[in-house]
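In what follows, chains carry the letters A, B, and so on, assigned in the order in which the sequence lines appear, proteins first and then strands, with residues in each chain numbered from 1.
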Protein chains: 2
Amino acid sequence: MATIFDVARRANVSVATVSRVINHPGKVTERTRRKVSTAMEACGYVYNALAMGLSTKRSRTIGIVIPNITNPIFSESTRGIQDYASEKGYHVILVNTDYLYEKEKKLVSLLREKQVEGLVLTTNKPEGEIVHGLIKDGFPFVLTYSHSKHPMAAFVGVNNIQGGMRATEFLIGLKHRRVGMIALDFSLSDRSYQRWLGYRRSLKKNGLPYDPDLVVQTEYTFEKGKKAVESLMTLPYPPTAVFCTNDILALGAMKGFKEIGKKIPEEVSIAGFDDIAFSKFVAPPLTSIHQPAYTMGWKATEILFELLSKFPFQASRHRILLETELVVRQSCAPLLKKKVKR
Amino acid sequence: MATIFDVARRANVSVATVSRVINHPGKVTERTRRKVSTAMEACGYVYNALAMGLSTKRSRTIGIVIPNITNPIFSESTRGIQDYASEKGYHVILVNTDYLYEKEKKLVSLLREKQVEGLVLTTNKPEGEIVHGLIKDGFPFVLTYSHSKHPMAAFVGVNNIQGGMRATEFLIGLKHRRVGMIALDFSLSDRSYQRWLGYRRSLKKNGLPYDPDLVVQTEYTFEKGKKAVESLMTLPYPPTAVFCTNDILALGAMKGFKEIGKKIPEEVSIAGFDDIAFSKFVAPPLTSIHQPAYTMGWKATEILFELLSKFPFQASRHRILLETELVVRQSCAPLLKKKVKR
DNA sequence: CTCCCGAATGAAAACGCTTACATCTTATAC
DNA sequence: GTATAAGATGTAAGCGTTTTCATTCGGGAG
């Protein structure tokens, strides 16, 4: 592989000059610029960004940490991150935690070894040691989806408690009195926990009792969402409405209900969270809490670059709360007077 | 930031020793290993993988080039790639081409500058200069989704012509005589073109005329899929069945038909391609040609690592054709005898 | 108690770039 | 034609690792 040296020799200039035509073409005579360019062509020179990174201590790379790229809500925000980053000439390294905190820890540390300049992090424990370690080291990062109470943690995302309330409130407004919940295990996802907080708060606000049997915690797959329905339906008084903490679970649940012959929304109402693009196409179209994922990724990256430039930074000024929105579709209906008994 | 040097000084050993405890712990006394480890802790040492990359000429990073991470078919294969790569201790840099060849070219070249060791490439022109440049330079890569005729281009994916035939044949088998097609612009995606080839071949095989008005080329969005319906329906003899070259377009088309009051599948049948996970949830569930995307990504990476180890390599031995599968759901129905007139 | 050999360690060059500083050109003003 | 300043170019020292080769160490055989 040809290096800057080979090019320099071939063009009869010094390496500094070659470097200059690459980085500051203005600081070089048109004639030598041309000479060097020709030499580069001639020996098939490929710039080595690693060496640049070592030398300048700027890798021009950022890391993205998300639970699973396969979930459209995350691929959407990832795209927002990528688009902003690439506009700035940066690349992204993408990793999946699968909601596993140990994996998250390991991956964050590997990313730092790779010398990413900053992180857009969707952490599953926003008050955990990962976030605190980053802060302690003054490492630039911005949180998405999950918010940390730490004043130095930049964040862009939605208010999950409020989102959880919106969904629950809506279901209660439809006269449902037994509203269940299918959630990601709280130990896996803080967002899930927050949404549950909102759920509880709505219940209380409306004078409804909280019944722990009505909330099932599970893992992130369609199948688990489907399975959750089973346990919900074996209850003496099964729910007439179910709030799911993400759309994937909601789709699974819908499938589960259909399979045991429950009509949606006539016999059971389902609400999701995220409002991924596909939710409007499913049958029936899913009522869901919309999160502006692309914007979230974009803005998070915007902030990250601000942190990168201003050093040391004032993260506290960087907390953006975007609005969730309840998108009403046909998966929910008012509770029928005559309760369907099974 | 502490370097290997600081650690060495603190532990009273040479940098070589520190490097050894990192890379070959076996080649070092237990006592010094411990000494060095403590020193690392003490000064908060973070390994610099960039420097390692420069020194060893192995970045332990591969590049993924896809049209759009937001399309589940690509996030699925991306996950396959990531899982295999991370098992090998590699990271991935992910870029989106948006089906733009110029962008693809630029990104591939940037990726090479970043010193990725290899590429998993979904190219939009498999016989274009990008692939040929890679081959000429002996740069390791494997193609996914789109197959190149070049004997040195490794590939894992499906036979798109055959896939296109399967879908079309199925529609024809349902007695449809006017089957339309909504495709990504052929200039954007070779896959789209291949599937169209299959479409034509089926037509011919079944003695049906090819009517260019029946195929509309468009861009990759739900909306464009929807729009395509309009132009199809203004035809004197609109199609009674439509084959879409991907599920996103198919969903858009379904929406388009519904909006003008056409019932699916009674009045018009729709078949897609990719069989993304969501297609089974939509209304009506979409008949589609299944591609094993995760496996595709996984196997492609497997091959890539083989290429990386065996050098120079024999790509010709590395072409894996996975089977597509027609997944029949409820979006298609036999043509009614009495033709619905509009 | 030596001697010798293998294992553990250290010294230093190399990886390909950037950049501060020094040096050399050139054009301008007189 | 010369002095001078501005601009172009060159020199060389890093950046943080790995790795080859040389050196030192420790322990078993004699």
ask   = Which part of the nucleic acid, if any, lies within contact of B:Asn12, taking any heavy atom under 4.0 Å across all strands shown: a base, the sugar-phosphate backbone alone, or nothing?
value = sugar-phosphate
key: Non-hydrogen atoms of B:His150 and B:Glu127 that approach each other most closely   = N-OE1, 4.1 Å
key: Distance in angstrom units between B:Glu30 CD and C:dA7 C1', rounded   = 16 Å
message = In whole Å, I'd like the distance from the CZ atom of B:Phe5 to the P atom of C:dA11.
response = 10 Å
message = Quick one, A:Ser59 and B:Leu50 - any side-chain contact, counting heavy atoms below 4.5 Å?
response = yes
inquiry  = I need the CG-P distance between A:Asn48 and D:dT17, as an integer number of Å.
reply    = 17 Å
inquiry  = Without decimals, in angstroms, what is the distance between A:Leu50 CG and D:dG16 P?
reply    = 14 Å
query = Could you state the CZ-C1' distance from B:Arg31 to C:dA7, rounded to the nearest angstrom?
reply = 15 Å
query = Does any non-hydrogen side-chain atom of A:Leu308 lie less than 4.5 Å from one of A:Arg58?
reply = yes
key: Nucleotide C:dC17, atom C1' - distance to CZ of A:Arg58 in whole Å   = 16 Å
Report, one line per pair, each donor and acceptor closer than 3.5 Å where one atom sits in a side chain of residues 64-73 of chain A; sequence neighbours left out.
unit_1  : atom_1 : unit_2  : atom_2 : d
A:Asn68 : OD1    : A:Thr70 : N      : 2.9
A:Asn68 : OD1    : B:Arg79 : NE     : 3.2
A:Asn71 : OD1    : A:Ile73 : N      : 3.0

Strictly under 3.5 Å: I want the nitrogen or oxygen pairs between protein and nucleotides 22-24 of chain D, one per line.
none

task = Indicate whether OP1 or OP2 belonging to D:dT17 is found under 4.0 Å from a side-chain N or O atom of B:Lys57.
result = no
query = ring pair (Phe, Tyr, Trp, His ring centres under 6.0 Å): which pairs involve residues 66-88 of chain B, sequence neighbours left out?
reply = B:Phe74-B:Tyr145, B:Tyr84-B:Trp298, B:Tyr84-B:Phe305
message = Does B:Val46 reach a base, just sugar-phosphate, or nothing at all? Heavy atoms under 4.0 Å.
response = sugar-phosphate
ask   = Reading nucleotides 18-25 of chain C from the 5' end, what letters show protein touch, with B for base, S for backbone sugar-phosphate only, - for no heavy atom under 4.0 Å?
value = SB------
inquiry  = According to salt bridge (charged side-chain N to carboxylate O under 4.0 Å, His left out), who are the partners of A:Lys103, at least two apart in sequence or on a separate chain?
reply    = A:Asp98
inquiry  = Any carboxylate oxygen within less than 4.0 angstrom of a Lys/Arg side-chain nitrogen, looking at A:Glu102 and A:Lys106?
reply    = no
task = Indicate whether the side chain of B:Thr61 and that of A:Lys114 have a donor and an acceptor atom separated by less than 3.5 Å.
result = yes
request  = Starting from C1' on C:dG10, measure out to NZ on B:Lys27 and report it in whole angstrom.
outcome  = 16 Å
key: Within-4.5 Å side-chain heavy-atom neighbours: A:Met40 and A:Val18   = yes
task = Give me the ring orientation class for B:Tyr99 and B:Tyr220: parallel if the planes are under 30° apart, tilted from 30 to 60°, perpendicular past 60°.
result = tilted
message = Side chains of B:Glu302 and B:Val156, heavy atoms from C-beta outward: is any pair under 4.5 Å?
response = no
query = Of the residues in residues 32-40 of chain A, which ones touch DNA chain C at a heavy-atom distance under 4.0 Å?
reply = none
inquiry  = I want to check one thing: is the phosphate of D:dC15, taken as OP1 and OP2, less than 4.0 Å away from some side-chain N or O of B:Thr3?
reply    = no
